[in-house]
Trainee: 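So that we are looking at the same thing, I have put the structure below in structure tokens.
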Amino acid sequence: MIRKLAILVSLAITLSVSGIARAQLVVDITSGIDDPTPIAVSPFGWSGTGVLPEDVSGIVAADLRRSGLFAPVPKEDMLSFPKSPDEIVFRDWRILGAEYVVTGRIEPQADGYLLTFDLVNIFGQQKMFTRQVSGGRDQLRDIAHRAADEIFQAITGIRGAFSTQMVYVLEQTRGGRPSYVLMRADIDGARPREIRRFSAPVMSPSWSPNGQQVAYVSFEAGRPAIFVENLNTGARRQLTNFKGLNSSPAWSPDGTKLAMVLSKDGNPEIYVLDLNSGRFTRMTRHFSIDTEPNWMPDGKSLIFTSDRGGKPQIYQLTLATGQVDRLTFDGDYNARPRVSPDGKTLVMVHRSRGVFTIATMDINSGRMRVLTETSLDESPSIAPNGAMLMYATKRGGKGILAAVSLDAGVKYNLPSQRGDVREPAWSPYFD
């Protein structure tokens, strides 16, 4: 079987926000691969007292299932529950069609838990590895996600991203007035928490490369301003307070600079702020609108949206020389550019025949591929391994999130029961 490499994480999200009504996102899988790998995650052993607050093996199985690449064997179909490789009866698992079995043991530690887990190839009758993951008392979900990451990478060769997170904007109406909440959650939707609440719009959240800060645009003072918030301490600082446009913050790969859009000199232009010195450097000078900057992975150039060719298209600015090159030519509108971590694929909002979709373009060949089939798709954000992306879209006039693999093999809708959800941003790896 030839496995598709560009599939990672689906989202099964329940978002609960303190002080507001529950807003649940439920996975609606619209397509998936035809031949997922059968795998069994046997219930993990527990040598402590009482019952664990989380079903760790269940979380691992759920992560693998939502990736689209695996079909975990249901617990009720298992003929036995081995806790280590030497307890595996290979004939039983071959009868069930499982290609791999995961076993594990959880032990209590003075300040948390230790998981020892094994990955076994059933048809080869060979143990692939035994590994350990530890964490604090409130980190059982982290332990499970890290185990799923290692299993995923061992089988597919792709680094797992189950341990990553997302931020997004949740809009609800409270007392007849809109409320905007900047939210943070695990990538599977668990442990949602409020970063900050606003009575005015908030948009364009952007993760710092180390995952410790988020930049965003807030209208709380009556006009747009760019803020940076520390996710660990809650401390934040305002970076811009210029008249006119202050928008689209984007971190440099080394985390020392922010690209952004300012109109303080009369026209929307791309600027770069050195976060250490506080110095702003203007990068573009053109009578057209230049907006939505993003960095290439090597930090040597910026991509951005401009209508300098008559309609919005995507351009690349080489920082050392100031040279600007147009990248997109297909379609009458291409905007909100993002680049895959390997620098080879451009992701964008693409319009053709009046329909907005998410599309990719091979930067070397210029070959374009439309990934989505719905209208009004926007705000794409790529997983740190480049396998999948989230985006915002509309369904029934309501804002929802969706996900699609970069080969378009797996697609999900994530409708919210209450409120509109938009502006997703996928986190970097945290190590």
Trainee: Taking the six-membered ring for Trp and the single ring otherwise, decide whether the centroids of Phe198 and Phe219 are under 6.0 Å apart.
Mentor: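 Between Phe198 and Phe219, the centre distance exceeds or equals 6.0 Å.
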Trainee: Between Ile106 and Trp46, which heavy-atom pair has the shortest distance, and what is it?
Mentor: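 Scanning both residues completely, I find the closest heavy atoms to be O-CE3, 3.4 Å.
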Trainee: For a quick test of reading the model, state the closest non-hydrogen atom pair linking Pro249 to Val217 and the distance between them.
Mentor: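 Closest heavy-atom pair between Pro249 and Val217: CD-CG2, 3.6 Å.
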Trainee: Does a donor on one side chain and an acceptor on the other come within less than 3.5 Å for Ser301 and Gln316?
Mentor: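 There is such a pair (donor and acceptor under 3.5 Å, judged by atom type) between the side chains of Ser301 and Gln316.
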Trainee: Do you see a donor-acceptor pair shorter than 3.5 Å between the side chains of Asp118 and Thr130?
Mentor: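 The criterion, which ignores hydrogens and geometry beyond distance, is satisfied for Thr130 and Asp118.
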Trainee: Ignoring hydrogens and angles, state whether a donor on the side chain of Ser306 or Arg308 is under 3.5 Å from an acceptor on the partner side chain.
Mentor: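 A donor-acceptor contact under 3.5 Å links the two side chains.
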Trainee: For Gly234, does its backbone N or O pair with a side-chain atom of Arg196 as donor and acceptor, under 3.5 Å?
Mentor: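 Side chain of Arg196 to backbone of Gly234, a donor-acceptor pair under 3.5 Å: yes, one is there.
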Trainee: Are the charged groups of Arg65 and Asp188 less than 4.0 angstrom apart, N to O?
Mentor: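 Answer for the salt bridge query: no.
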Trainee: Identify the heavy atoms of Pro268 and Val261 that sit nearest to each other, and give their distance.
Mentor: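 Closest pair (atom of Pro268, atom of Val261, distance): CB-CG1, 4.1 Å.
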Trainee: Please list, chain by chain and in numerical order, all residues satisfying salt bridge (Lys or Arg N to Asp or Glu O under 4.0 Å) with Asp330, sequence neighbours excluded.
Mentor: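 If we apply the salt bridge (Lys or Arg N to Asp or Glu O under 4.0 Å) test to Asp330, skipping adjacent residues, there are no hits.
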Trainee: Taking atom NZ of Lys75 as the centre, report whether more than 12 heavy atoms of other residues, nucleotides or ligands fall under 6.0 Å from it.
Mentor: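 Not buried by this count: 12 neighbours or fewer within 6.0 Å.
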Trainee: Got a salt bridge between Lys83 and Glu107, using NZ or NE/NH1/NH2 to carboxylate O under 4.0 Å?
Mentor: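 No, Lys83 and Glu107 are not salt-bridged.
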Trainee: Check this for me, if you would: do Glu171 and Arg422 make a salt bridge, where the nitrogen-to-carboxylate-oxygen distance has to be below 4.0 angstrom?
Mentor: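 Here Glu171 pairs with Arg422 in a salt bridge, since their nearest N and O are under 4.0 Å apart.
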Trainee: May I ask you to decide whether Asp142 forms a salt bridge with Arg191, counting only side-chain N to carboxylate O separations under 4.0 Å?
Mentor: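 Salt bridge between Asp142 and Arg191, a charged N being under 4.0 Å from a carboxylate O: yes.
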Trainee: Kindly state whether the ring of Tyr271 and the ring of Phe242 have centres lying under 6.0 angstrom apart.
Mentor: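 For Tyr271 and Phe242, the ring centres are not under 6.0 Å apart.
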Trainee: Roughly how far, to the nearest 0.5 Å, is CG of Leu262 from OG of Ser248?
Mentor: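 Separation between the atoms: 10.0 Å.
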Trainee: Look at the aromatic rings of Phe162 and Phe152 and report parallel, tilted or perpendicular, splitting at 30° and 60°.
Mentor: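 Because their plane-to-plane angle is over 60°, the rings of Phe162 and Phe152 count as perpendicular.
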Trainee: Judged by modelled atom types alone, do Arg336 and Ser379 share a side-chain donor-acceptor pair under 3.5 Å?
Mentor: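 Yes, Ser379 and Arg336 have a side-chain donor paired with an acceptor closer than 3.5 Å.
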Trainee: Backbone N or O of Ala392 within a donor-acceptor pair of the Glu378 side chain at under 3.5 Å?
Mentor: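 No, because the side chain of Glu378 does not come within donor-acceptor range (under 3.5 Å) of the backbone of Ala392.
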Trainee: In terms of ring plane angle, is the pair Phe117 and Phe129 parallel, tilted or perpendicular, where the classes change at 30° and 60°?
Mentor: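 Taking Phe129 first and then Phe117, their aromatic rings stand perpendicular (interplane angle over 60°).
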Trainee: Do we see a donor-acceptor contact under 3.5 Å between the side chains of Gln213 and Ser208?
Mentor: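 Short answer, no.
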Trainee: Working to the nearest 0.5 angstrom, can you tell me the gap between Asn334 CG and Arg351 CZ?
Mentor: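 Output value for this atom pair is 9.5 Å.
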Trainee: For Asp186, is there an ion pair with Arg193 - N to carboxylate O distance below 4.0 angstrom?
Mentor: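 A salt bridge is present here (some side-chain N lies under 4.0 Å from a carboxylate O).
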Trainee: Do the side chains of Glu220 and Arg236 get close enough for a salt bridge, i.e. N-O under 4.0 angstrom?
Mentor: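 Salt bridge between Glu220 and Arg236, a charged N being under 4.0 Å from a carboxylate O: yes.
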Trainee: Answer yes or no: is there an ion pair linking Arg146 with Asp63, defined by an N-O contact shorter than 4.0 Å?
Mentor: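 Result for this pair is no, no salt bridge flagged.
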